[in-house]
Trainee: 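Here you go, one structure.
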Amino acid sequence: MTPPVFPDSPTVIAATESAIRSDDDGVERDFSDRLLRSFLALCENPRTRQGMIRMVRASVGSARAGQAFYRVLNRTVVNPAAKATGMHASALRIELVCGQLVGLAMMRYVLQVEPVASVPAEEIVVQFAPALRATLQGR
């Protein structure tokens, strides 16, 4: 049995930061786009998927687990994306965005609500990044 790989491990954080910085298609991406792409990558990567889904499920039934999941999101997704792009937003806006990401993960990976569960990740980015952007801008 392989040991679990947790999203807050240094390996995953380094991979996330690397993925955030590189744009293979040459398109410059804003913070919301990069944030969502790195979150989806963690949720869909075979090495980190089960750990992420486990944390989403646990956060529903336990305030402590929910807080732990938010800390993981901040360390592995939000902070690296913010650092890579120079994005600054209020703590309230960042927490609201984390809530949106948890909701997306719940719908897509835990409850498997269609069509959210089966649409390609790229379509999720196109449809959902503007909502994250609006939250970060206070709209």
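Residues take their numbers from the sequence shown, with the count starting at 1.
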Trainee: Can you measure from OG1 (Thr48) to CD1 (Ile53) and round to the nearest 0.5 angstrom?
Mentor: 9.5 Å
Trainee: Any idea which heavy atoms bring Ala58 and Ala65 closest together, and the distance?
Mentor: O-CB, 3.4 Å
Trainee: Can you name the nearest heavy-atom pair linking Arg108 to Val119, along with the distance?
Mentor: NH1-O, 2.8 Å
Trainee: I'd like to know if the side chain of Thr135 and the backbone of Val97 have a donor-acceptor N/O pair within less than 3.5 Å.
Mentor: no
Trainee: Using every non-hydrogen atom in the two residues, find where Leu104 and Leu36 come nearest and quote the distance to one decimal.
Mentor: CD2-CD1, 3.7 Å
Trainee: What heavy-atom pair brings Asp33 and Val125 nearest, and what distance separates the two atoms?
Mentor: OD1-CG1, 3.1 Å
Trainee: Please report the closest heavy-atom contact between Cys43 and Met52, naming both atoms and the distance.
Mentor: SG-CE, 3.9 Å
Trainee: Main chain of Ser59, side chain of Ser62: is a donor-acceptor contact present, judged purely on distance under 3.5 Å?
Mentor: no
Trainee: Hey, could you give me the CD/CG distance between Gln137 and Leu132, rounded to the nearest 0.5 Å?
Mentor: 11.0 Å
Trainee: In the single-linkage hydrophobic clustering (I, L, V, M, F, W, Y; side-chain heavy atoms under 4.5 Å), do Phe128 and Val126 co-cluster?
Mentor: no
Trainee: Within this structure, what is the CD-CE distance for the pair Gln112 and Met107, rounded to the nearest 0.5 Å?
Mentor: 12.0 Å
Trainee: Rounded to the nearest 0.5 Å, how far apart are CG of Leu35 and CG of Leu40?
Mentor: 9.5 Å
Trainee: Between Glu122 and Arg37, which heavy-atom pair has the shortest distance, and what is it?
Mentor: OE1-NH1, 2.8 Å
Trainee: Spell out, yes or no, whether Val113 and Val110 are grouped together once hydrophobic residues are joined by side-chain heavy atoms under 4.5 Å, including indirect joins.
Mentor: yes
Trainee: Measure the shortest side-chain to side-chain distance between Val102 and Phe39 over non-hydrogen atoms and say whether it is less than 4.5 angstrom.
Mentor: no
